[in-house]
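Please read the structure below before turning to the comments.
FYI, side chains are in, hydrogens and waters are out, and symmetry mates aren't considered; it's all heavy atoms of this structure.
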Amino acid sequence: MRTTLLLAACAATLSTTVSAQGTCVSAIAITPGIHTVPTLTGTPPSTLCVGGPLAAAGAWYRYTATHDTMVMVSSNVTGFPNVDTRLHVYVGSCAGLICHAGDDDSGPGYSSISSFQVLAGVTYYIAWDSYWTPSGFTFQLVQLNVPGPPQGAVTFSPTPISGAGGIMGVVDMNNDGRDDAITPGYTSFIINHQQAGGGFVPTTYPTTPADNTASWSFAIGDFDSNGHRDLLYGGGSGATFMKANPTGTAYTEVTFLQYIFCQRTNFVDLNNDGHLDAFSCHDVDANVGFINDGNGNLVFTQGGYGTSCGNYGSIFTDYNNDGAVDLFVAKCGCDPLDLLMWNNGSGAFFNVAPAQGMSDGHQSWSSAWGDFDNDGDMDVLIGASSSGYHKLMRNDGVGNFTNATIGSGMETFAGQSIEWTAHDFNNDGWIDVLGGGAMHYNNGDGTFSHDASAPGNQAIGDLNHDGFLDIATSSGYLRNNGNANNWIRINPVGVASNRDAIGARVIITSALGTQIRDIRSGDGFAFMSFIGAHFGLGQDTEVESMTIQWPSGNVDVIEHPAINTAHTVVEGTFSSIPAAAASAFSAGPNPTTGMLVLTGSPMNTAVEILDATGKLALATRSHGGQLDVSALAPGSYLLRVRDGEDWLQTRFAKH
């Protein structure tokens, strides 16, 4: 669901009608122009460049580039009806095809749009398949004149993984510190384990049959804390969990009977009880949580995470720095008003998006969250998926956002896509954005420079263990060729917190300043990226300190950790600050209907209460450790209590 890029360039194209049935070997040669595909009856591609099952039929074309440029292949052609299509683009030979690009549903009416770099003299195989429908359609190939990569850009090289196909996840599955490539399935799934000496070894893990496959999204997390990560498939009719046995050698399906039109799925500790829960966006109804009972069993819970339809891209991050992971949902379709759900710390979520200018109804399937200005809080780029604009929202540190799009470079970028994610790809210490058919390099001054020659967006991780983040494809990965910048990675292991430490925040300080990362399971729209915290350091040769704020409230501080390496850190191993000392001030009950009891603050002191927009709602004093807030309107608030020269603060909700 996105608009075609640069359709004006189509005016001079040549219209042709050809039949490209058959196989890769018999693919019809095409040039830039408009082409009509009859009903699909040819051989389907066996290597998929986008997710989903194999199809029954296909249609094959080949295009040989005459010069280095960018091209766009799109089945959204002005004047022709849209058809639900799926597109795969390959390089290499027909005997050994390597995925180069692909798309499914990015265009209006579930059409496909993919922009990618081509090199003079190289042949690109374009395959359409019948996964959604065998109906004929029209597509176009357009050459795009785009500027060269900006300063600081890195390049990517297609790198196949022998025998791989359908890769949707890049996660360390055997706890050896190296990211693996995971292909979800129906009665089994495949892990291509990264080897210490390079390369991959595939292992097939049997499962009981999946009621729902990962046709819409894929998430990974160890929800029963047995040391073996479990899987979550988001399908068109429900959510299916694949739970590892005690040895991690076989997996058993757990599927709930309730219907869910799953979009983005996540693992997350929703109620902060130390046990990993799960979450699913619901396209046509209220969103769904799966609450862990503490024994590794999940309980279906609906409501409280957004009650209307159109929920597409969920991501959990602590936007207001209060130690509890909050929820953002990028929305599309029947109710496109995005959700920003503040977590009160005990698992109750309240929508504050309207007050923050985040619910204006533009169409988006995902969002990219990161500290883009390195000031210690999470900002967000809400990328449009169809007929829309992008929004760069800057955080003030306590959860108030300002629209910083104008002047950032994102206001002039027209590319649209369903996948948006944020990582530091060139290791310069500033978080970049991948989405809309381009890499958006963070210049460190509030602006982004665009590289439209960058690859598309799938699962992210380090698949050759060199400290630079790669981009998975269905049958391998696009290797980040890197540069001379330094880096550090942290793989946290929870003890009092959930084992994967999902919801933890990692903070490092170097000469560049301070950087933060949140540990997540599930970002972008469909794919599962690495679990951990990756930092670029630029030319810094030392990290002065590294701090891990665990979901339990515990804090570990590591002085002068080694750089250009990955660290596995177990909760409580280093100079741990107990949870009670790290967060002594609190106010409850939360939510409240009228009276708050203050703990860990002076008696009878000055109090300020700010509403969700940052406006002063109440200035008063506490009395005997209590505070009457019955006069406040229902909503979420920031409570500030005077403690000598400082202010103690926490958030609460008024019902």
Could you tell me whether a side-chain N or O of [X] sits under 3.5 Å from a main-chain N or O of [Y], the two making a donor and an acceptor?
X      : Y      : value
Asp379 : Asn395 : yes
Ser529 : Ile460 : yes
Asp277 : Asn292 : yes
Asp628 : Ser630 : yes
Ser622 : Thr605 : yes
Asn486 : Leu537 : no
Asn175 : Gly227 : yes
Asp540 : Ala511 : yes
Gln363 : Ser385 : no
Asp424 : Gly429 : yes

### Query
Checking ring pair (Phe, Tyr, Trp, His ring centres under 6.0 Å) for the pair Tyr441/Phe425: CA distance, chi angles, key distance, verdict?
CA-CA 8 Å; Tyr441 287 101; Phe425 286 93; 7.9 Å; no
### Message
For Ser545 and Glu559: C-alpha separation, side-chain torsions, deciding distance, then whether side chain to side chain donor-acceptor pair (under 3.5 Å) applies.
### Response
CA-CA 4 Å; Ser545 67; Glu559 303 292 342; 4.8 Å; no
#### Entry: Chi angles and distances behind the side chain to side chain contact (heavy atoms under 4.5 Å, CB included) call for Leu381, Trp420
CA-CA 8 Å; Leu381 188 283; Trp420 295 85; 3.8 Å; yes
Quick one: closest heavy-atom pair of [X] and [Y], and the distance?
X      : Y      : answer
Asn351 : Leu339 : ND2-CD2, 3.6 Å
Asn457 : Leu434 : ND2-O, 3.1 Å
Ser346 : Asn271 : O-CB, 3.9 Å
Ala459 : Val170 : CB-CG2, 3.7 Å

Rounded to the nearest 0.5 Å, what separation is found between the [atom1] atom of [X] and the [atom2] atom of [Y]?
X      : Y      : atom1 : atom2 : value
Ser217 : Leu232 : OG    : CG    : 6.5 Å
His423 : Asn442 : NE2   : CG    : 14.0 Å
Ile558 : Ile490 : CD1   : CD1   : 7.5 Å
Cys262 : Trp216 : SG    : CH2   : 11.0 Å
Ile315 : Asp326 : CD1   : CG    : 12.0 Å
Ile548 : His567 : CD1   : NE2   : 10.0 Å

### Query
Which residues satisfy the side chain to side chain contact (heavy atoms under 4.5 Å, CB included) test with Pro591, sequence neighbours excluded?
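Side chain to side chain contact (heavy atoms under 4.5 Å, CB included) list for Pro591, sorted by chain: Asn344, Phe350, Ala653, His655.
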Report yes if the side chains of [X] and [Y] come closer than 4.5 Å at any heavy-atom pair, otherwise no.
X      : Y      : value
Phe316 : Asp523 : no
Thr240 : Val254 : no
Val607 : Arg640 : no
Val569 : Asn491 : no
Met358 : Leu337 : no
Phe241 : Phe290 : yes
Phe223 : Arg229 : no

### Query
When you look at Met546 and Phe535, which way does the side chain to side chain contact (heavy atoms under 4.5 Å, CB included) test go after all the steps?
CA-CA 11 Å; Met546 175 171 69; Phe535 297 89; 5.9 Å; no
### Task
Decide side chain to side chain contact (heavy atoms under 4.5 Å, CB included) for His560 and Glu542; before the verdict, give the C-alpha distance in whole Å, the side-chain angles of both, and the deciding distance to 0.1 Å.
CA-CA 7 Å; His560 304 291; Glu542 179 186 36; 2.8 Å; yes
Among side-chain atoms of [X] and [Y], is any donor-acceptor pair under 3.5 angstrom?
X      : Y      : value
Arg264 : Ser366 : no
Ser364 : Lys391 : no
Ser408 : Thr447 : no
Asn311 : Gln263 : no
Trp430 : Asp373 : no
Glu544 : Thr509 : no
Asn266 : Ser521 : no

### Message
Using ring centroids (six-membered ring only for Trp), state whether Tyr319 and Trp342 fall under 6.0 Å.
### Response
no
### Task
Evaluate the ring planes of His282 and Tyr259, with Trp represented by its six-membered ring, and classify them as parallel (under 30°), tilted (30 to 60°) or perpendicular (over 60°).
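Taking Tyr259 first and then His282, their aromatic rings stand perpendicular (interplane angle over 60°).
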### Task
Anything under 30° is parallel, anything over 60° is perpendicular, the rest tilted; go ahead and classify Phe530 against His534.
perpendicular
### Query
After noting the C-alpha distance and the side-chain angles of Ser314 and Leu327, does the key distance pass the side chain to side chain contact (heavy atoms under 4.5 Å, CB included) rule?
CA-CA 7 Å; Ser314 51; Leu327 166 64; 3.9 Å; yes
### Task
Give the C-alpha distance, both sets of side-chain angles, the deciding distance and a yes or no for salt bridge (charged side-chain N to carboxylate O under 4.0 Å, His left out) between Arg489 and Asp179.
CA-CA 12 Å; Arg489 172 163 162 170; Asp179 289 332; 2.8 Å; yes
Please report, to 0.1 Å, the donor-acceptor pairs under 3.5 Å made by any side chain of residues 294-307, with sequence neighbours excluded.
unit_1, atom_1, unit_2, atom_2, d
Asn297, ND2, Asp293, OD2, 3.1
Thr301, OG1, Val299, O, 3.3
Gln302, NE2, Ala286, O, 2.8

### Message
I'd like to know whether Ser359 forms a side chain to side chain donor-acceptor pair (under 3.5 Å) with Lys331, so could you lay out the CA-CA distance, the side-chain angles of the two residues, the decisive distance to 0.1 Å, and finally the verdict.
### Response
CA-CA 9 Å; Ser359 59; Lys331 301 190 69 176; over 6 Å; no
### Task
Kindly indicate, with the supporting measurements, whether the criterion salt bridge (charged side-chain N to carboxylate O under 4.0 Å, His left out) is fulfilled by Asp518 and Arg505.
CA-CA 5 Å; Asp518 283 350; Arg505 173 161 291 181; 2.8 Å; yes
### Exceeds 12 heavy-atom contacts within 6.0 angstrom, atom CZ of Arg642
yes
### Message
Could you walk me through whether Cys334 and Cys309 satisfy the disulfide (SG to SG under 2.5 Å) test, starting with their C-alpha distance in whole Å, then the side-chain angles of each, then the deciding distance to 0.1 Å, before giving a yes or no?
### Response
CA-CA 6 Å; Cys334 64; Cys309 54; 1.9 Å; yes
### Message
Can you tell me which residue among Phe448, Phe372, Phe413 is in a ring pair (Phe, Tyr, Trp, His ring centres under 6.0 Å) with His440?
### Response
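Option passing the ring pair (Phe, Tyr, Trp, His ring centres under 6.0 Å) with His440: Phe413.
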